[in-house]
Engineer: 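What follows is a structure written as structure tokens; I'll ask about it next.
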Amino acid sequence: MTSPDWPLFEVFIRSRSGLEHKHVGSLHAVDARMALEHARDVYTRRLEGVSIWVARSSDIAASDPLDADAFFEPARDKVYRHPTFYAIPEEVKNL
Amino acid sequence: MTHSELPYANSCVRLGHYDPELAVYTQGLDSLGKDCLQTPSADTAALTARFDAKVERDEKIEPKEWMPDAYRRTLVRQISQHAHSEIVGMLPEGNWITRAPTLRRKAVLIAKVQDEGGHGMYLYSAAETLGVSRDELVAQLLAGTAKYSSIFNYPTLTWADIGAIGWLVDGAAIMNQIPICRCSYGPYARAMVRICREESFHQRQGFEIMMTLARGTPAQRAMAQDALNRWWWPSVMMFGPSDAESQHTAQSMRWKIKRFTNDELRQHFIDVTAPQADFLKLTVPDPELRWDEATQHYRCGEIDWSEFHRVVKGHGPCNRERLQARRSAHEQGRWVREAASAYAEKTRARARRLEESA
Amino acid sequence: MSASAASAPSEDARLRYVLRLADTSLILGQRLAEWVGHAPALEEDLGLANIALDLIGQARLLLSYAAELEGRGRTEDELAFLRDAPQFLNLTLVEQPNGDFGRTLVRQLLVSAFQLELYEALKTCADARLAEIAAKALKETRYHVRYSASWVVRLGDGTAQSHARVQDALDELWPFTGELFAEDDVDAAMVAAGIAPRAAAVQARWSARIDAVLTEATLSRPADSVFPWHGKGGVHTEHLGYMLAEMQFLQRAYPGAEW
């Protein structure tokens, strides 16, 4: 193909006020302005959003699945971070 | 989305619970993790075992994870064929946008054909997570080396064909697609959830058109019957060759890319569609079609597989036109795509110069 | 708003004015819809389809209002599908063929920037129904202006080839913009009634907006010229007849059928 590829962007949409932006998919565009227009036209046709973020896919750093054990397993045994770890008699209220 | 929100969920096709909160595909985020590159062969067995176990546990495979090459190739083939089908599928219906008989029908048809473009995009995006670019895939389509659903090589000759496509072709497509919402490959499954959700109106609008025609003037009824006559068999063939002949079914089922066989899905389609034709008081063009009390399924006549293979091999009524339309859109759009890239490059260069001079 | 100083326009003037707005949206929507499935990129297929849908939506609201004003029991579809070209009152500019993508977007920018000023004024006009439709259409039109201006700038300031193509398109389409600001009796009656804005005021704002885009796009604004068409008076170019033949074919071939 002789025509230059339009780079890939990732699209994040806030579905309504008060919620965080969530990744919804990707698209091709030449720059951020076009990516926003495309995201609006492609991903909000059914009132899916009130705000859009776009980012060049190549600008996003992601963890590697091979590192998953080192990254995430150590959190597994820290059960004391969760409220259910603590036994409190039922008659004690507001805890 | 819970399974109850999807069409047919309560009939033969059951979806597992799917959480849309997880509907995130991080497709550009390094399509290839370092573990997929040049794995020493000694490790391959262990990786394969880990992969198989994961699929067995119904866990999703995500883009950067190790996967067998054949799994990757199968997915690229299937997802890109699916994407091409959506894009080529815009053409037969797009034919009638300028001639839609009312403004409401016109708006609905534009929205539907537009959705198909969107679905093609979602699918190309899912394929891109496997390390191919959309441009490469489109190049394969335009070169004629990629397949797409043969159904779109049939012409839309009357307005009733728009009804028949929505009712039958989208009906068959939805039936094929719902099980893929549970496919083992995360990005494909998530794209399919979005597509199924959006497509739920497509089949209904088609049936509504058929209903209006079937209750209309004698000429309209005849138009509806003619469309059913021409679209029934091609729709039944959309599920692909019979299980005995299907090359990919067994492996794809093991990998949980496919959840039901072609024949299972086809039977289900006939079972739900035949009563709908009765409701419309239209006749399915299969003299052998009848309800079988014993099996609780419809029995139907032999499919003319020679026609199926003829159209797949490029000898359908519109194969050439469809590809030609895609090629010409691509060629005539080239200067636009190039100009947009050149403009973006210019503005980046200007911004750099501004920064340097500051 | 108070219309005490204004004289009520004749119902005929009001009807013709509403039909001009309706037909302009309808014919432009029909033109854009020709693109669906053939755009330079998949994303643009979706973008053009969105604009076409907005325009057809506007046309439906406006045609329904026109049908009520007419008071002959006709529907939006009867107005869209059973009038002949001389009864269509759209701007001549919108019936011009799509040409290439650049030409389509130049036409879109010229029309959308005009509709933007018009709807901006109409949203507070003395006709409550029109004001309501204008308020809705205004939001859509703001995006149409953004989308088309983005593209005109990209193409104008893109490659030598794209620059030449859009400059040509601009030169060819510019003569049709004269009609946008030529006030006739219908416009005058609607201005007097406190409904339509003065053409001169619309033109000044439209010009400023277009000039800004053309400058950024490195395009030169063609000189104004005499224009022989008067689409909003029912005098069209040859293109409209072919468009209607295609658009109206089913309704014509099967008179009285429900679809």
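Each chain gets a letter, A, B and so on, in the order the sequences are listed, and its residues count up from 1.
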Engineer: Around A:Trp53, counting heavy atoms of other residues, nucleotides and ligands shown, do more than 12 lie under 6.0 Å from its CH2?
Structural biologist: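 For A:Trp53, atom CH2 is not crowded (no more than 12 foreign heavy atoms under 6.0 Å).
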
Engineer: Within the structure provided, determine whether C:Tyr143 and A:Glu37 are in side-chain contact (heavy-atom separation under 4.5 Å).
Structural biologist: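 C:Tyr143 vs A:Glu37: side chains touch.
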
Engineer: Determine whether more than 12 heavy atoms belonging to other residues, nucleotides or ligands lie under 6.0 Å from atom CD of C:Glu68.
Structural biologist: yes

Engineer: Working note: C:Trp151 + A:Met34, criterion side-chain contact (heavy atoms from CB on, under 4.5 Å); need CA distance, chi angles, decisive distance, verdict.
Structural biologist: CA-CA 9 Å; C:Trp151 267 112; A:Met34 189 198 265; 3.6 Å; yes

Engineer: For A:Leu95, look at atom CG and say whether over 12 heavy atoms of other residues, nucleotides or ligands are found less than 6.0 Å away.
Structural biologist: yes

Engineer: Has A:Arg16 got more than 12 heavy atoms of other residues, nucleotides or ligands less than 6.0 Å from its CZ?
Structural biologist: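 For A:Arg16, atom CZ is not crowded (no more than 12 foreign heavy atoms under 6.0 Å).
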
Engineer: Please check if atom CD in A:Glu48 has more than 12 non-hydrogen atoms from other residues, nucleotides or ligands closer than 6.0 Å.
Structural biologist: yes

Engineer: Can you give me every donor-acceptor pair (side chain of residues 71-79 of chain A, partner residue at least two apart or in another chain, under 3.5 Å) with its distance?
Structural biologist:
unit_1, atom_1, unit_2, atom_2, d
A:Glu73, OE1, A:Arg76, NE, 2.9
A:Glu73, OE2, A:Arg76, NH2, 3.0
A:Lys78, NZ, A:Pro74, O, 2.5

Engineer: Would you find a donor on one side and an acceptor on the other, under 3.5 Å apart, between the side chain of C:Glu43 and the backbone of A:Val42?
Structural biologist: no

Engineer: Test side-chain contact (heavy atoms from CB on, under 4.5 Å) on A:Arg33 and C:Arg146; report intermediate values, then the result.
Structural biologist: CA-CA 10 Å; A:Arg33 182 186 171 99; C:Arg146 179 192 163 114; 3.3 Å; yes

Engineer: Measure the spacing between CG of C:Asp45 and CG of A:Asp41 and express it to the nearest 0.5 Å.
Structural biologist: 11.0 Å

Engineer: Heavy-atom distances under 4.5 Å only: say whether C:Ala49 touches chain A with side chain, backbone, both or neither.
Structural biologist: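 For C:Ala49, there is no contact with chain A at all, as no heavy atom is under 4.5 Å.
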
Engineer: Would you please test A:His38 and C:Leu46 for side-chain contact (heavy atoms from CB on, under 4.5 Å) and show each step?
Structural biologist: CA-CA 8 Å; A:His38 285 169; C:Leu46 275 79; over 6 Å; no

